[in-house]
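Everything below concerns the one structure shown next.
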Protein chains: 2
Amino acid sequence: MDDAVRQSLRELVASCSLPAALEAMGERWSFLILRGAFNKLCHFEEFQSELGIARNILANRLTRLVDHGILERRPHADDRRKIEYRLTDKGYALLPTMVALRQWGERWETGVPANPILVDARDRKPIRQVQVLSHDGRPLGKGDMLWALSEEAEAAPANTEAAE
Amino acid sequence: MDDAVRQSLRELVASCSLPAALEAMGERWSFLILRGAFNKLCHFEEFQSELGIARNILANRLTRLVDHGILERRPHADDRRKIEYRLTDKGYALLPTMVALRQWGERWETGVPANPILVDARDRKPIRQVQVLSHDGRPLGKGDMLWALSEEAEAAPANTEAAE
DNA sequence: AGCATTAAGTTGCGAAACGCTACTTAAATC
DNA sequence: GATTTAAGTAGCGTTTCGCAACTTAATGCT
C-alpha cells in the first residue's frame with residue numbers, strides 16, 4: 001500500500017461519522033435498551049426486569065441516551081413517581097441499524113429464522129433483508145462501492161422511492 | 001401493559017438474535033476494526049496506526065473476530081513475518097449494519113454529509129439511505145411493523161429483487 | 001393520619017475490561 | 001552478524017461493569 005492511498009484512507013477515517021455513532025450507541029446494553037424501547041418498554045423497572053441489567057448501569061445508560069436525544073424522559077402525569085422513556089425521531093432513525101444487526105445475527109450467529117419474526121403490519125408478510133442499495137435500487141455488495149469526494153460524485157437524482 | 005403483552009414480549013426477547021450479534025460485535029473497537037477491514041486494511045500495524053488502538057486490545061479484538069469467523073487470519077506467503085486479516089463472507093455481511101450506523105451518525109450526530117462519500121462503483125452516484133423495506137419494497141417506519149409467529153405470517157413471495 | 005408499597009434511582013465495593021508503555025520473538029534486510 | 005520490521009505479550013494503573021443494599025419521594029391502604 002503506497003503512501004498516497006494510506007493518506008487518503010487516513011483522511012477518510014478522520015471524517016467518518018462511525019465513531020460519532022458509536023460514541024452514542026457503542027456501550028454495552030445501549031442497543032438492547034433501544035430494542036426494548038422499540039418493543040414498547042418505557043419504564044425503568046420494565047427495562048430492568050426485561051433485560052436483567054444492573055440498576056446503576058441502566059440509570060447511567062438511560063441518562064446517556066436522553067442526553068444524546070435518542071430517548072425522551074417525561075414524568076407521568078397521573079403518577080408522579082413514574083417516568084416514561086420514549087424514542088425520539090432520532091431514536092427511531094436507528095431502526096435500520098438495529099434490524100440489520102438482528103438479521104445478521106439470525107443468519108450468521110443463531111442460525112434460526114427466529115420466532116416471532118418482524119412482519120409488515122399492513123399485509124403480515126415478512127420484511128426484506130436490509131441491504132445497501134444504489135441510487136436506482138440495485139443491491140450493492142463488497143466490491144461495488146468506492147469512496148469519492150462529493151465534488152466528483154455524479155449528482156444524485158431525486159430518489160424516486162421515499163427516503164428515510 | 002397487561003400480563004399477556006408482557007409475556008409475549010419476554011418470549012420475543014428470549015429468541016431475538018440481537019444479543020448474539022452484540023456478543024460478536026458489541027465490544028469497543030470491533031466496528032472500527034471492521035471499517036478498517038472494509039477499507040482494505042489487513043495488517044496488525046496498519047490497524048494499530050490508523051485507529052490508534054492499544055496493541056494488546058487490538059490483538060485481543062483480532063483473535064476474537066477471527067474466532068467468530070468475521071475475519072480470516074492468513075500468514076503471508078512471501079514474508080512470513082506478516083499476517084493478513086481479511087473479511088470473510090460473514091464479515092462482509094455486516095456491511096448493511098455498518099453503513100446504516102454510519103449514515104445515522106452523519107444525519108443525527110455529525111450533521112455533515114461527510115467527505116468522502118460512498119458511491120456506486122459503476123456510476124459514481126451516491127448510495128441510498130439504508131432502510132427497512134417491506135417484501136414489495138415499501139419503506140417501513142416506526143408504526144409499520146409488528147411481530148408475528150412465523151406460522152401466522154403470510155408466505156413470503158420469492159423476492160423479486162435480489163436478496164443479500 | 002400512619003404504615004406499607006412502588007418507582008426510580010444512588011452508593012459502596014469487588015471484578016473485569018481498557019489503555020499505556022515496555023519488552024519479546026521470529027523473520028527479513030543490510 | 002547487526003539492525004529493523006511485524007506481530008504480538010506482560011505489567012500495571014485507570015475506568016467501566018455488576019451486584020446488593022440503601023435512599024427518596026409519591027402513592028395506596030386501613
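The shown structure was predicted, so the numbers you read here are calculated from the model rather than taken from an experiment. Note that these values count all heavy atoms, side chains included, but never hydrogens, waters or copies made by symmetry. To find a chain, count down the sequence lines: A is the first, B the second, and so on, and within it residues start at 1.
- In this structure, CZ of B:Phe47 is placed 15 Å from P of D:dA6, rounded to the nearest angstrom.
- Side-chain nitrogen and oxygen atoms of A:Arg80 include none within less than 4.0 Å of the OP1 or OP2 phosphate oxygen of C:dA7.
- In this structure, A:Arg55 reaches the bases: a heavy-atom distance under 4.0 Å links it to at least one base atom across the strands shown.
- Put simply, CZ on A:Phe44 is 16 Å from P on C:dT6, counting in whole angstrom units.
- Atom P of nucleotide C:dA16 and atom CD1 of B:Ile57 are separated by 16 Å, given to the nearest angstrom.
- A donor atom on one side chain and an acceptor atom on the other are not found under 3.5 Å apart for B:Asp89 and A:Trp108.
- With rounding to whole Å, B:Leu41 atom CG is found 12 Å from D:dA7 atom P.
- Regarding contacts with the backbone of C:dG9, a side-chain N or O of A:Tyr85 is found under 4.0 angstrom from either OP1 or OP2.
- For the contact set between residues 64-76 of chain B and DNA chain C, defined by any heavy atom under 4.0 Å, there are no members.
- Considering only residues two or more places apart in sequence or on other chains, A:Phe38 meets the ring pair (Phe, Tyr, Trp, His ring centres under 6.0 Å) condition with A:Tyr92.
- Neither OP1 nor OP2 of D:dC17 sits under 4.0 Å from any side-chain N or O of A:Trp29.
- Between A:Glu45 and B:Asn60, it is A:Glu45 whose nearest contact on DNA chain C lies nearer the 5' terminus.
- Within the 4.0 Å cut-off from OP1 or OP2 of C:dC18, at least one side-chain nitrogen or oxygen of B:Arg61 is found.
- Rounded to whole Å, atom C1' of D:dA7 lies 14 Å from atom CD1 of B:Ile33.
- If you find the closest nucleotide of DNA chain D to A:Asp79 and to A:Asn56, the one lying nearer the 5' end belongs to A:Asn56.
- Ion pairing of B:Lys90 with A:Glu109 is present here, as a side-chain N (NZ or NE/NH1/NH2) and a carboxylate O approach within less than 4.0 Å.
- Mapped onto DNA chain D by nearest heavy atom, A:Ala77 and A:Glu27 fall at different nucleotides, with A:Glu27 at the one closer to the 5' end.
- Here C:dA16 presents its P atom at 12 Å from CZ of A:Arg28, a figure rounded to the nearest Å.
- In this structure, the CG atom of B:Asp78 is 19 Å from the P atom of D:dT5, given to the nearest Å.
- For A:Arg81 against C:dT6, a side-chain N or O and a base N or O form a donor-acceptor pair under 3.5 Å.
- Taking atom NZ of residue A:Lys82 and atom C1' of nucleotide D:dT27, one finds them 10 Å apart after rounding to whole Å.
- Residues that satisfy the ring pair (Phe, Tyr, Trp, His ring centres under 6.0 Å) test with B:Phe44, not counting sequence neighbours, are absent from this structure.
- Between the side chains of B:His43 and B:Gln48, no donor N or O sits under 3.5 Å from an acceptor N or O.
- Closest heavy-atom contact between B:Val119 and A:Ala153: CG1-CB, 4.0 Å.
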Let's go through B:Lys82 and B:Glu84 carefully: what are the C-alpha distance in whole Å and the side-chain angles of both, what is the deciding distance for salt bridge (charged side-chain N to carboxylate O under 4.0 Å, His left out) to 0.1 Å, and is it a yes or a no? CA-CA 7 Å; B:Lys82 292 187 179 174; B:Glu84 285 191 358; over 6 Å; no

